[in-house]
Amino acid sequence: MPNSKEVRVRFAPSPTGDLHVGNIRTALFDWAYARHTGGKFVFRIEDTDTERVTDEYISRAVETLKWLGLDWDEGPEVGGPYGPYLQSQRMDIYAEWAQRFLDQGDAYYCYCSSEELEARREAQRAANVAPGYDGKCRSLSEAELSAFISEGRKPVVRMRMPDGETTFTDLIRGEVTFDHNFVPDFVLVRGDGSPLYTLAVAVDDVLMKISHVLRGEDLLSSTPRQIRVYQAMGLSDADFPHFAHLPFVMGQDNAKLSKRNGEVSIAWYRDRGFLPEAICNYLALLGWSPGEDRENVSMKELTELFTVERVHSSPARFDMKKLEPINGDKIRELDLDDLLSRVTPFLIKDGVIAGTDDQLALVRLTLPLIQERIATLAEVTAMVKFLFVTDFAIEESEQPKIADAQSQSVLQAALDTLNSVSQWDHATIEAALRETLIAGLALKPRIAFGPIRVAVTGSHISPPLFESMELLGRERSLERIAAAVQK
RNA sequence: GGCCCCGUCGUCUAGCGGCCUAGGACUCUGGCUUCUCAAGCCAGCUACGAGGGUUCGAAUCCCUUCGGGGCUACCA
């Protein structure tokens with residue numbers, strides 16, 4: 001095993017859609033392992049399926065990884081010594097190897113049509129035999145061959161699986177063996193000459209000197225095929241990469257997480273106000289744990305603590321209920337300027353502010369009040385909106401809270417007191433209000449401050465009242481209370 | 001169907017033969033604190049899928065069984 005060689009880990013998605021939670025968990029582990037070992041993190045795009053992969057998806061995948069902070073040493077945009085890193089730009093390489101496998105007798109041309117194959121598979125299933133290629137074209141006679149050619153059939157290149165079995169050591173699952181009876185000859189090159197994943201993945205892993213393949217467990221059963229290609233390429237067992245098949249991330253319905261059973265797009269979480277470091281921290285906990293009853297880990301700590309040995313073999317369910325509190329914790333760890341810069345795009349998008357310096361300065365002052373009250377960045381809008389609206393209005397459902405006689409008398413008393421207050425800061429406001437309402441009218445705090453809160457912020461849920469009034473300013477605060485009194 | 005992988009609280013997990021009357025986190029339920037909402041603090045509920053072995057001793061090792069998942073393409 002290539003222990004002495006440099007660790008080179010790759011993340012090689014096939015962007016047939018936006019990168020989702022499962023992809024990213026894999027990318028995160030790949031990245032963390034590379035960083036932990038001081039090796040290289042290679043980002044490769046597997047776009048051999050031209051029907052389904054688009055340039056748009058590829059650039060979104062690049063953006064997503066950047067946003068998450070999973071920086072790569074080799075790959076799109078940065079290049080590297082083993083490029084290109086888009087498989088669609090490596091077609092000639094795959095063609096050369098396919099030809100060589102043909103020449104060596106490891107692979108052969110197969111003229112069976114899709115229809116014929118399907119019919120034979122049906123028959124196999126009916127006869128309760130393991131379905132798979134039956135080897136029909138392994139040795140064609142001259143007559144059969146020329147017949148197919150004159151028919152104009154375009155052959156695929158198929159890899160020959162010899163009798164026997166393949167055994168390899170999975171870093172997470174231990175020794176795994178596949179009997180070749182259940183690993184049929186597989187296609188390397190399509191009839192139109194384009195390569196398949198089975199060819200490209202193995203060729204690239206070898207050519208890019210990948211030392212560790214950490215990927216989803218759905219690829220576990222394709223590993224014997226990959227190893228078969230290594231052998232045809234002339235690699236000795238000692239030079240095969242190490243394999244580690246990561247457990248799935250499941251949806252709530254206990255099936256592999258997909259678009260059908262939950263929100264899977266990382267972009268969706270970004271737009272909802274989740275922090276990249278929170279997403280990474282939570283995802284790191286799906287299938288791995290730092291031990292020692294620890295859960296909150298920074299990206300840096302993740303790279304320090306991550307080892308494949310601590311990755312589980314069993315699948316984990318993705319649970320928003322846990323992502324949210326982690327996100328809240330991460331928000332609370334942010335310093336004010338950092339939080340401000342992250343929150344600003346949401347406020348602008350929601351039309352709360354335009355982004356002027358004055359507005360940002362005011363937002364920054366409110367941040368200490370709301371930082372511990374939000375679990376996602378998007379929630380900040382509801383919290384600070386009352387400070388910026390020009391057409392202030394109390395929510396319909398909140399009207400009853402200020403309409404009754406007691407509330408009205410509270411509001412009137414507050415208005416009178418506040419009108420004569422000498423300074424407009426939260427300490428002075430609070431002292432004055434407590435003096436007249438709590439001490440004077442003998443009201444319970446929640447009875448006294450509730451109506452004022454609704455009058456000033458428009459809702460019974462808000463940042464702390466006195467600080468809110470200070471930030472709102474004397475004029476607007478009194479205006480709003482006065483307006484509420486007239487109801 | 002066949003092959004392969006997996007199985008600790010509702011969820012994520014700690015545990016790698018005795019430290020486990022199974023620990024932590026999230027959720028949930030009470031309570032404290034309190035100008036609302038949060039945050040914070042305290043308490044509580046709840047788990048080794050089942051059955052056999054091995055052993056002085058098993059959540060930890062073996063077997064069977066049940067359950068879940070993946071693969072079974074000219075997708076990846």
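Just so we're on the same page: letters track the sequence lines, and every chain starts at 1. Predicted, not measured: the structure shown is a model, and the values here were computed from it. These numbers come from the heavy atoms of this one structure, side chains and all, not from hydrogens, waters or symmetry mates.
Applying the 4.0 Å criterion to OP1 and OP2 of rA76(B), one finds that T48(A) has a side-chain N or O inside that range. Look at S462(A) and you won't find any side-chain N or O under 4.0 angstrom from OP1 or OP2 of rU36(B). Side-chain nitrogen and oxygen atoms of H245(A) include none within less than 4.0 Å of the OP1 or OP2 phosphate oxygen of rC6(B). Listed pair R373(A) / rU36(B) fails the phosphate criterion, with no side-chain N or O lying under 4.0 Å from OP1 or OP2.
Atom NE2 in H312(A) sits roughly 15 Å away from atom C1' in rC5(B) (whole-Å rounding). Remark: C1' of rC12(B) and CD1 of I326(A) are 9 Å apart, rounded to the nearest angstrom. In this structure, E165(A) atom CD and rC3(B) atom P are separated by 14 Å, rounded to whole Å. Q371(A) has its CD atom 12 Å from the P atom of rG40(B), to the nearest Å. Spacing between atom CG of D319(A) and atom P of rC26(B) amounts to 13 Å, rounded to whole angstrom units. When the C1' atom of rC37(B) is taken as reference, atom NZ of K385(A) falls 18 Å away, rounded to whole Å. When rounded to the nearest whole Å, the span between CZ of R317(A) and P of rC26(B) equals 20 Å. Between F178(A) atom CZ and rC3(B) atom P there is a gap of 12 Å when expressed in whole angstrom units.
Among the nucleotides rG24(B), rU36(B), rC6(B), the one closest to any side-chain atom of S314(A) is rC6(B). For V156(A), the side-chain atoms get nearest to rC74(B) when compared with the rest of rC74(B), rC5(B), rA25(B).
The partner of rC3(B) is rG70(B), by the rule that a Watson-Crick or G-U pair needs both atom distances under 3.5 Å. Under the Watson-Crick and G-U wobble criteria, each requiring two contacts below 3.5 Å, nucleotide rC35(B) is left unpaired. With a 3.5 Å ceiling on both atom-pair distances, the Watson-Crick or G-U wobble partner of rU65(B) is rG49(B).
Mapped onto RNA chain B by nearest heavy atom, G291(A) and L323(A) fall at different nucleotides, with G291(A) at the one closer to the 5' end.
In terms of heavy atoms, L302(A) sits closest to A284(A) at CD1-CB, 3.9 Å.
With hydrogens and angles ignored, no donor-acceptor pair closer than 3.5 Å exists between the side chain of E217(A) and the base of rG69(B). For rC5(B), its base never sits under 3.5 Å from the side chain of R173(A) at any donor and acceptor pair.
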Next on the checklist: Test salt bridge (charged side-chain N to carboxylate O under 4.0 Å, His left out) on D350(A) and K385(A); report intermediate values, then the result.
Outcome noted: CA-CA 10 Å; D350(A) 291 340; K385(A) 199 173 178 184; over 6 Å; no
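Taken to the nearest 0.5 Å, the CD1 atom of I24(A) stands 13.5 Å off from the CG atom of L286(A).
The closest side-chain heavy-atom distance from V201(A) to R10(A) is below 4.5 Å.
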